[in-house]
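Note that the structure is a prediction, hence the values are computed from the model and not measured. These numbers come from the heavy atoms of this one structure, side chains and all, not from hydrogens, waters or symmetry mates. Residues: numbered from 1 along the sequence shown.
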Amino acid sequence: MVKSGSGISCSLLDILTLKKRMTEKQLKIRQQAYALTLCTVVFMVVYNFCTWYASSLDHIPSFTFDFEKSIPFVPWSIIPYMAGGLFFCLVFFSCKDKHQLKILTWRMLFVIITAGIFFITIPLRFSFPKPEISHALLRMPFSFLKTFDSPFNQSPSLHIAFAFIFWSVFKDLSKWRIFLMIWLILLGISTLTTYQHHMMDILTGAILAHLSFIIIPYRRHDPTYRNLRTANAYFLAGLIFTLAALLCHEYVGTEGLILLLPALVMMIAGYCYQKKMNQEIQ
């Protein structure tokens, strides 16, 4: 009888434990869906309002560097470009815990709202004409972009800012990590080769993402992640120096490219701090 009672108790305990895990999993999925919905709604409101505002203006300027005229138009790169929408949904369900989901949500909201402020105060438009698309299948996504995307809301590029934020979550995955990294790199390049963004938009999008990493750090009070915060500060400085170098080259002359040297130093320092943090975690 004792054994029987003990067995029943263990069975009940197992059932309660399983039920608790299922409840926690359902709660987590509900929170992830809520975070995705919140960010989607805010994005749609901000993006569409900024598009409406820019469309009401008589003249929207554009900013390009001289070397951008040599960037080729690559029709097939629309495939990684369009994957940005899929990653927008996937990243929320890739968070490993509530804290990571919270940080992701705040970062997404920060870059959306901050970018929206720039879209209104410093509106820019894309200036290169798109060549005709000969491939029938590739014409479909470009037609979709023409209908639902606008030539405004350029700088900073939300595609680039999102890509960096997506990677801050995807890098912790055990599966598909390398595949997602390569795809995000292709996504970043595609913003130029699909003639959706200029280089100014790319750099400012990267700067905005790293600002979100610094203002909304992961594990703020955990000393293990101190090197990551330092790395992000160096990366931000490197991006700012790179932008300054290109601007000086455009308006001052070739000597402005000397600023690429401190940019390189900052990037290397950031990489070293990031590598050191990864080694400490492992």
Side-chain angles (χ1 to χ4, degrees), residues 63-68 71 91 100 103-104 106-119 121-122 124 154-172 181 184-185 187-189 191-192 197-281:
F63 187 93
T64 62
F65 295 107
D66 288 338
F67 68 85
E68 292 185 63
I71 296 177
V91 70
Q100 190 176 46
I103 295 298
L104 169 67
W106 278 113
R107 286 174 175 176
M108 293 288 282
L109 293 174
F110 173 80
V111 300
I112 292 170
I113 294 171
T114 304
I117 294 172
F118 278 93
F119 294 158
T121 56
I122 313 175
L124 294 173
Q154 291 289 299
S155 182
S157 166
L158 280 176
H159 255 75
I160 296 299
F162 287 162
F164 277 101
I165 294 175
F166 295 163
W167 179 243
S168 70
V169 175
F170 290 156
K171 66 180 177 61
D172 293 331
M181 178 183 69
L184 286 174
I185 292 172
L187 187 154
I189 296 172
T191 57
L192 294 172
H197 282 283
H198 291 300
M199 183 58 71
M200 170 65 76
D201 317 333
I202 308 305
L203 289 172
T204 52
I207 288 171
L208 177 58
H210 283 81
L211 273 175
S212 76
F213 296 155
I214 293 171
I215 294 173
I216 310 168
Y218 185 68
R219 307 285 185 193
R220 182 190 298 271
H221 302 295
D222 189 338
T224 307
Y225 290 86
R226 187 183 300 115
N227 285 323
L228 179 61
R229 295 191 287 272
T230 303
N232 286 325
Y234 275 113
F235 286 141
L236 176 62
L239 289 165
I240 293 174
F241 271 114
T242 301
L243 178 58
L246 294 179
L247 288 172
C248 289
H249 177 260
E250 190 77 12
Y251 293 107
V252 178
T254 309
E255 57 270 21
L257 294 178
I258 191 65
L259 291 176
L260 289 177
L261 182 59
L264 179 61
V265 172
M266 295 295 173
M267 290 294 187
I268 293 174
Y271 171 77
C272 291
Y273 273 100
Q274 188 178 63
K275 186 177 180 180
K276 183 177 180 182
M277 188 276 298
N278 292 333
Q279 290 174 343
E280 290 178 352
I281 291 177

Do you know the tightest heavy-atom contact between [X] and [Y]?
{"X": "F65", "Y": "M200", "result": "CE1-N, 4.0 Å"}
{"X": "I160", "Y": "A206", "result": "CG2-N, 3.6 Å"}
{"X": "A263", "Y": "G238", "result": "CB-O, 3.5 Å"}
{"X": "F110", "Y": "S212", "result": "CD2-CB, 3.6 Å"}
{"X": "S168", "Y": "D172", "result": "O-OD2, 3.9 Å"}
{"X": "L208", "Y": "V111", "result": "CD2-O, 3.6 Å"}

Measure the spacing between [atom1] of [X] and [atom2] of [Y] and express it to the nearest 0.5 Å.
{"X": "W106", "Y": "I215", "atom1": "CH2", "atom2": "CD1", "result": "13.0 Å"}
{"X": "I165", "Y": "I112", "atom1": "CD1", "atom2": "CD1", "result": "8.0 Å"}
{"X": "C272", "Y": "N227", "atom1": "SG", "atom2": "CG", "result": "11.0 Å"}
{"X": "M266", "Y": "T242", "atom1": "CE", "atom2": "OG1", "result": "11.0 Å"}
{"X": "L158", "Y": "F118", "atom1": "CG", "atom2": "CZ", "result": "12.0 Å"}
{"X": "I207", "Y": "L239", "atom1": "CD1", "atom2": "CG", "result": "5.5 Å"}

Margin query: Using side chain to side chain contact (heavy atoms under 4.5 Å, CB included), reason through F241 and M267 one step at a time and then give a plain yes or no.
Written below: CA-CA 10 Å; F241 271 114; M267 290 294 187; over 6 Å; no
Notebook entry, point to check: Between M108 and F162, does a side chain to side chain contact (heavy atoms under 4.5 Å, CB included) hold up when you go through it step by step?
Noted result: CA-CA 7 Å; M108 293 288 282; F162 287 162; 3.8 Å; yes
Next item on the list: Start with the C-alpha gap between L187 and H159, add the side-chain angles, then the distance that decides, and say whether side chain to side chain contact (heavy atoms under 4.5 Å, CB included) holds.
Entry: CA-CA 8 Å; L187 187 154; H159 255 75; 3.7 Å; yes
Check: Considering only heavy atoms from C-beta outward, does the side chain of T64 approach that of M199 to under 4.5 Å?
Finding: no
Check: Can you find a heavy atom in the side chain of M181 that is under 4.5 Å from one in the side chain of K171?
Finding: no
Next item on the list: Flag yes if more than 12 heavy atoms outside F213 fall under 6.0 Å of its CZ atom; otherwise flag no.
Entry: yes
Check: Counting heavy atoms not belonging to Y271, are there more than 12 under 6.0 Å from its OH?
Finding: no
Notebook entry, point to check: Should Q274 and N232 be marked as a side chain to side chain donor-acceptor pair (under 3.5 Å) after you check the CA-CA gap, both sets of side-chain angles, and the distance that decides it?
Noted result: CA-CA 8 Å; Q274 188 178 63; N232 286 325; 5.4 Å; no
Checklist line | Non-neighbouring partners of F170 that pass side-chain contact (heavy atoms from CB on, under 4.5 Å), sequence neighbours left out | finding: F87, L90, V91, S94, F166, W167, L173, L180, L184
Check: In chain order, what residues pass the side chain to side chain donor-acceptor pair (under 3.5 Å) check against T204, with sequence neighbours excluded?
Finding: S155
Item checked: Any side-chain donor near an acceptor of the partner, E68 and H198, under 3.5 Å -> yes
Note to self: Could you check, using the six-membered ring where one of them is a Trp, whether F164 and H210 have ring centers closer than 6.0 angstrom?
What the structure shows: yes
Check: Under the side chain to side chain contact (heavy atoms under 4.5 Å, CB included) criterion, do I103 and I216 qualify, and how do the steps go?
Finding: CA-CA 7 Å; I103 295 298; I216 310 168; 4.1 Å; yes
Side-chain donor-acceptor pairs under 3.5 Å in residues 244-262, sequence neighbours left out?
residue, atom, partner, partner atom, Å
E250, OE1, D66, N, 3.4

